Each structure stands twice: as C-alpha cells, then as structure tokens.
Undergrad: 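Take this structure first; my questions come after.
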Amino acid sequence: MEGNTKLSVAEDAVEYHLFLLPEEPRDPEKRKEVLQKYITAIMTQYAPLLVSYIWQNQPFNLRYKPAKGSIPAHIVGVTKFGDNIEDEWFIVYLIKQITKKFPELVARIEDSDGEFLLIEAAEFLPKWLDPDNSTNRVFFHCGELCIIPVPRKAGEVSWLPPTPPTISQALSVITKHSEKIIASESIQAAVNRRIRGYPEKIQTSLHRAHCFLPAAAVAILKQRPQLIAAAVQAFYLRDPIDLRACRTFKMFLPETRVMTSVMFTKCLYAQLVQQRFVPDRRSGYALPPQSHPQYRAHELGMKLAHGFEILCAKASPLPDFKKSLMMNTSLWNGFLDSLKQNDYFEGEIEGSAKYLQKLRMAENYFQQSVNGPENFLDISPGEEILTLLQTVPFDVEELKKEDANLPLEDDDHWLYLSPDQLDQILQEAVGKDEPRLTPTPKGEEEQNYDLTKVTESVKAFVSKVSTHKGAELPREPSEAPITFDADSFLSYIDKILGPNSGESDSDDLGGDDLDEEDSECLDSDDDVDLETVDPEGKASTKETLESIKSLMAQMDQELAHTSIGKSFTTWKQMENLTKEPSQTLGSDSDNDETTADGPVLEPVDVDLNLVSNILESYHSQAGLAGPASNLLQSMGVQLPDDADHRHAST
C-alpha cells in the first residue's frame, strides 16, 4: 500500500488498516508504544463479542505495522473468511464500532474485490467515482463512512487533491474537513443494511446439533469450541491423499464415541451436511440405517472425526508450546475486569461449570488475540489439537453420563427454502424488504395485474443513457431530479452529426469524450428547446432531423412491400376487434393502405406489441430465469407466475 497504490489482498480475505490522526508522537518507538496500547484496548473492549465467535478460517486480529515511505505507522489486520461472507461483514461492523468508540482512529478496509463497500452501494454512488479513482478515498471515521471527493476542476477546492490522494493527504483531509466528506445517506444506508442486526445476529448465525463423536474430539471442543471450523474445513476440502490417514484411525478411535452437543455456524453446518461421504470399512466408522432416529448425529460425528484426524496427520506437536498465561500481569487483570464489566460471565457464580468454561474460552482468546497474536497465528490447528490432546485430560465414562442432559438440537429447516422464501430473501438483499402480510392468491393476482407497468418501465429504461459501461436503470421517484443542460447536449450532438464535426473535434481538447457536465446533462429525459440554440446550431440540428426523417420514410417504403408488417398488431386491427362482426365484413384483411408511392404500413400499437413480445419471452422461460424476467425485475416489475406453463407441467 505504497503511496496511493491499491491494496493487494489475497482471495477470500479482508484487510483493514487503522490510522491514528494526531501526528504526535513523531518518535517511532513512542508511536509504536501508543499504537500497541490501542491494540490492547480494542481487543479488550470487544472481547465479549470475539471470545465465543466461531470464525470460518481466521479470527479478527490486529498488529503493529511500522512506517513505510509516505504511509505512517499504523495498525493492520488480515482475515481469511473463506466461504462465510458474514465473517467479512462482521469485521465491517467491528471496524465501524471501533472508529465510533475511538474517534481519533480512521479505518480503511478492502478485500480482493477492492472497495467492496462501494460495490455494496453501487446504485447510489456519484458518477465521478469509479474503481480507477477510488484509491484512498473511502474511510470510516467516528462511525461514519467518508468519501473524499474529486474536485470538478483543478484548484477549485484548495483542500481537495486533484489526483488520487496518498494516505497522508487523505488523513489530512479527514482531520480538517471530516464533516464535508461524509457519504450520502443512501450510501450509508446501503452499507448499514448489510451489517444490520449485529451483534444480535451473531447468535442467529449459530446452529446446535447432536454429534456422535470420539471422546478426544469432545474434550478438544470443550476446551476450544472454535476448532470446529478447522475440522469442518479439513473434511470439506479433503483429497485422496488426506483420506489415507483415515483408513485406520490413530487419534480419534471410533470405539470411544459418545453423544455430545456441538455448536456450528450455519455455514459450517451446511458444508458438513450437504456432502455425501461413505467411510472406509477399515476405519471402523459404520453408520446405522438412514431410518435410525440418530442417523444424522452418527453421520455428523463420523465426518468431524475424519476432519480432526486429517488435521493431526498433517501436523506435529509443539515441544515448547506452553499454555501458561501470565495470570498475575496487569494486562490479564485488566482484560478480566473488562469482561466482568461487560457481563461476559452472564451472572454465573465464580467456580461453577459454565463460569469455568467461559473463563477457559477467555484465556484462549487472551493468548491468541491480546498477549501474543503474531506468534499464535503461525500455529496450525493440527498442532494445537495435538498439544491439547497431550495436556487436556478426559474420562470417557464421565462424558457418556452427559448424554442424558444434552441441550435440544436446533431445527435445520433453514437449509431448505421454498421459491417464495428465496424471492423474499432476494428482495431483502436489494433493499425491498417490505413483507407481504396477506399474500394475494395466484388467480386474483393475475387478474388484477396492471400490464401498463411493463410498458411504462420499458419506456423509462429506453429513455436512459447507455454507454460502453452499461445502461442506466430508471431511477426511484425518491431520488433527486436530474438537471439538463440543453446547450451542452446540442453541442455534443453537433460534434457527432454536424457538418463541421472535424473542426469542432480539433478545437476541443477533449475530443469525442464527454466532460462531467456533458455526461450529467445526458441523464435528463427533458426535450431539447431549439429556441435556446444559436441560429447556426439550430439550422444544423434541423438539417440532421430532416435527414433522419427522410431516411426513415425510405425504410418504411421498402418494408411496405414485405410481410414484415403482418407480424405486428396495428391500431386498425385493434379497432376491428372492438367492432361488431357486421361492421368488419367489408374491411380489407391486409389492413394496408395504398398510395401513389405504393403500399403504406398501418401505424403499429407499440405498447401492445411490446407487452405481447415480453409475455411470449416470459412464457418461453418455462418458469426459469431469463431475459424478460431479469430485465423487468431490475426495473422493479414483478410478473405473476406463468399459469399456462404451470398447468401444462402438471
């Protein structure tokens, strides 16, 4: 991240940087000491959320990074979130809360896609903002998303850098003009919608299930519940070489299995359940019939045992690994006091089983994230498991006795979605989360559906601007109106179609490219007022329009001699349909008039043909996704189900 270059982030990983706004202290050692204190304060402040959180791959972590070039010394962290995208958005929530709690810190966050916060709010971004100029412009400060704008003209705003800013320039702008660079409410709302529900959402993302596990695995998960993620990933990403270690189990013997309750994230549970796997006969992991009431528990336990065995086969124990904590240090005491103040122990009596379990989890978190996070990240899950097997005692008979008091399993109905539930989730994802309190019956919905929505939406779409970057969708009514500069619009048209286009292009340094004012004026649907144009421009425009009309008339004459007109519904045909049969007996079936220049096509009913063609395309999709439904849904139009196709399929 040198100067104003973009971050280079690994795939499925998120990188976050925390910068200290005051320039003091300038001494590197003193500044390092200050930043280290911030790291400890942050990890202690948010320990109640992080202690029990189950990460897909890597936990949230912070470390000191010294100054390099124009980038000052700061705090950095990298987390691989793998398949669980919720880990990334939980980190966004944490970063937002950190800058709110510590207003002297400014945060920047990116992943392998770049500025993914801007991607989330893509529909509401200003036109000038694109991936090429967004570097070092997006930050969190005081819990607010800030975007450093680009000046419309060089030097127009003295405190705005004309080129993508460096980190130092960006921090200077945030320090002096933070209230002027806060992102718009629509952008803030789009990001906040994605992190809405935290921290309560952490509990709803968990799933408890019964598993028939080897006693050694039960003991490990009691000590370190977060290792469930490593075991699931090892099984989920297994290869034939990994399975060699599972032909005969050495660490997690099948004859020691006991029933236990295991906490997963929904992502991990889905990965484990959805994979079909038949164990090797030599392993000793025989499954009961699928009709057995505890078949699911046996299957889950078998898969987890394979995952733990694979992890251990790839690692070796650490001879000098010590889990001893400096329990008398002020750092641990302050950390423990912070947990108590934040009600981490939830009123449990000191010394009780639940209290001790939470205390062990807090000790592990302290060792990993506060006391020595840099060294602990280098320890693989397999090494930690082997070390725990050497240091954690367990009694198989005692674990079997706990079978009778296991908490109930969670219902996994969330794994199976109906089409209506999927549609609701997709609508919530795009911000249309108003639930239907009283669903309309299918037949009544089809009868009451207004097809004018289709024509109005398509007309609005066609009237928008399309470039090599794509087409604009119709804007919501709540958005601010777009200004239209008729002079700039006509000037641009004259450059393309006017007789003196060569001279105009040579005189204009911008060539055929639009400047910002020109591109903004093209967003309007207003008509051009020819009265405001100078005489030469007005004459040139009229000549162009006459030329186009003449060309269109010639095309009409050529098409009139073909059968192309019969493929469209005309106004005259629609009038005949509304008349009595006796009134239409003498009418011409071709519906084409003839003039001295030849036959002339009847005016076409554009709206009716548009709706007919869209419905025909929608019907040909056979209930699946296709161009008609995708186009209309992008414009907020939801067609009812195709009744004809539904009846035909049944």
Side-chain angles (χ1 to χ4, degrees), residues 52 54 56 203-238 242-243 245-312 353-354 357 385 388-389 392 394-417:
S52 58
I54 301 176
Q56 183 79 7
Q203 293 301 318
T204 61
S205 67
L206 299 177
H207 181 88
R208 183 183 297 276
H210 290 172
C211 299
F212 200 46
L213 271 176
V218 176
I220 289 173
L221 290 178
K222 282 180 175 290
Q223 186 75 14
R224 281 276 283 121
Q226 288 78 7
L227 285 174
I228 187 66
V232 173
Q233 290 300 297
F235 174 78
Y236 185 72
L237 301 174
R238 68 192 181 281
D242 294 333
L243 292 178
C246 301
R247 293 173 182 172
T248 55
F249 279 70
K250 299 178 181 179
M251 309 301 299
F252 301 93
L253 306 179
E255 55 269 20
T256 65
R257 286 179 292 178
V258 298
M259 191 66 69
T260 188
S261 179
V262 178
M263 186 67 76
F264 300 84
T265 64
K266 288 183 176 179
C267 180
L268 292 171
Y269 181 78
Q271 287 181 325
L272 202 62
V273 168
Q274 297 298 333
Q275 283 220 346
R276 294 185 178 182
F277 177 73
V278 178
D280 193 299
R281 292 182 179 180
R282 293 168 289 183
S283 68
Y285 279 90
L287 295 177
Q290 292 190 7
S291 58
H292 193 280
Q294 292 183 333
Y295 173 80
R296 176 59 63 84
H298 282 74
E299 184 187 33
L300 291 175
M302 176 269 297
K303 293 177 179 178
L304 284 177
H306 279 71
F308 278 114
E309 191 75 19
I310 290 172
L311 289 173
C312 292
K354 288 188 176 180
Q357 182 182 5
I385 291 171
L388 289 174
L389 288 175
V392 177
F394 60 90
D395 187 344
V396 177
E397 296 302 322
E398 289 295 326
L399 293 175
K400 288 182 178 180
K401 293 179 182 179
E402 299 178 1
D403 187 354
N405 300 318
L406 294 179
L408 295 176
E409 290 184 290
D410 294 334
D411 190 357
D412 62 359
H413 68 279
W414 51 267
L415 275 173
Y416 312 99
L417 293 177

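In this text, all values refer to a predicted model and were calculated from it rather than measured experimentally.
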Undergrad: For a 4.5 angstrom cut-off between non-hydrogen side-chain atoms, does Leu213 reach Leu221?
TA: yes

Undergrad: Ring-plane angle category for His298 and Phe212, please: parallel below 30°, perpendicular beyond 60°, tilted otherwise.
TA: tilted

Undergrad: Provide the closest heavy-atom pair for Tyr295 versus Pro288 in the form atom of the first, atom of the second, distance.
TA: CD1-O, 3.2 Å

Undergrad: Could you give the distance from CG (Leu227) to CG (Leu388), rounded to the nearest 0.5 Å?
TA: 6.5 Å

Undergrad: Should Val258 and Val396 count as side-chain neighbours, where that means a heavy-atom distance under 4.5 Å?
TA: yes

Undergrad: Run the numbers on Ile220 and Leu389 for side chain to side chain contact (heavy atoms under 4.5 Å, CB included), then give the verdict.
TA: CA-CA 7 Å; Ile220 289 173; Leu389 288 175; 3.5 Å; yes

Undergrad: Closer than 4.0 angstrom, basic N to acidic O: yes or no for Glu397 and Lys401?
TA: no

Undergrad: Please answer whether the main-chain N or O of Lys250 pairs with a side-chain N or O of Glu309 as donor and acceptor at a distance below 3.5 Å.
TA: yes

Undergrad: Determine the minimum heavy-atom distance between Ala234 and Gly307, stating which atoms define it.
TA: CB-O, 3.6 Å

Undergrad: Does some side-chain heavy atom of Leu304 sit less than 4.5 Å from a side-chain heavy atom of Phe252?
TA: no

Undergrad: Looking only at heavy atoms, what is the nearest atom pair of Leu237 and Asp242, with distance?
TA: O-OD2, 4.2 Å

Undergrad: To the nearest 0.5 Å, what is the distance between CZ (Phe235) and CG (Leu243)?
TA: 8.0 Å

Undergrad: Quick one: does Met259's side chain get under 4.5 Å of His210's, heavy atoms only?
TA: yes

Undergrad: I'd like to know whether Phe249 forms a ring-ring contact (aromatic ring centres under 6.0 Å, His included) with His306, so could you lay out the CA-CA distance, the side-chain angles of the two residues, the decisive distance to 0.1 Å, and finally the verdict.
TA: CA-CA 9 Å; Phe249 279 70; His306 279 71; 5.0 Å; yes

Undergrad: Taking all non-hydrogen atoms of both residues into account, name the closest pair between Pro407 and Ser261 and its distance.
TA: CG-OG, 3.7 Å

Undergrad: Rounded to the nearest 0.5 Å, how far does CD1 of Ile54 lie from SG of Cys267?
TA: 11.5 Å

Undergrad: Check Leu300 against Ala209 and note the closest heavy-atom contact, atom names and distance.
TA: CD1-CB, 4.1 Å

Undergrad: Just verifying a value: how many Å separate Met302 CE and Arg257 CZ, rounded to the nearest 0.5 Å?
TA: 9.0 Å

Undergrad: I'd like to check Asp412 versus Arg296 (side-chain heavy atoms, cut-off strictly below 4.5 Å). Are they in contact?
TA: yes

Undergrad: Are Val218 and Phe394 side-chain neighbours, meaning at least one heavy-atom pair lies under 4.5 Å?
TA: no

Undergrad: Does any non-hydrogen side-chain atom of Thr260 lie less than 4.5 Å from one of Leu399?
TA: no

Undergrad: Once you round to the nearest 0.5 Å, how far does NZ of Lys303 lie from OH of Tyr236?
TA: 11.5 Å

Undergrad: Please give me the minimum heavy-atom distance between Gln56 and Ala229, naming the atom from each residue.
TA: O-CB, 3.7 Å

Undergrad: Distance from Ile310 atom CD1 to Gln233 atom CD, nearest 0.5 Å?
TA: 12.0 Å

Undergrad: Under a 4.5 Å cut-off applied to non-hydrogen side-chain atoms, are Lys266 and Trp414 in contact?
TA: yes

Undergrad: Quick check, are the ring centers of Phe264 and His207 under 6.0 angstrom apart?
TA: no

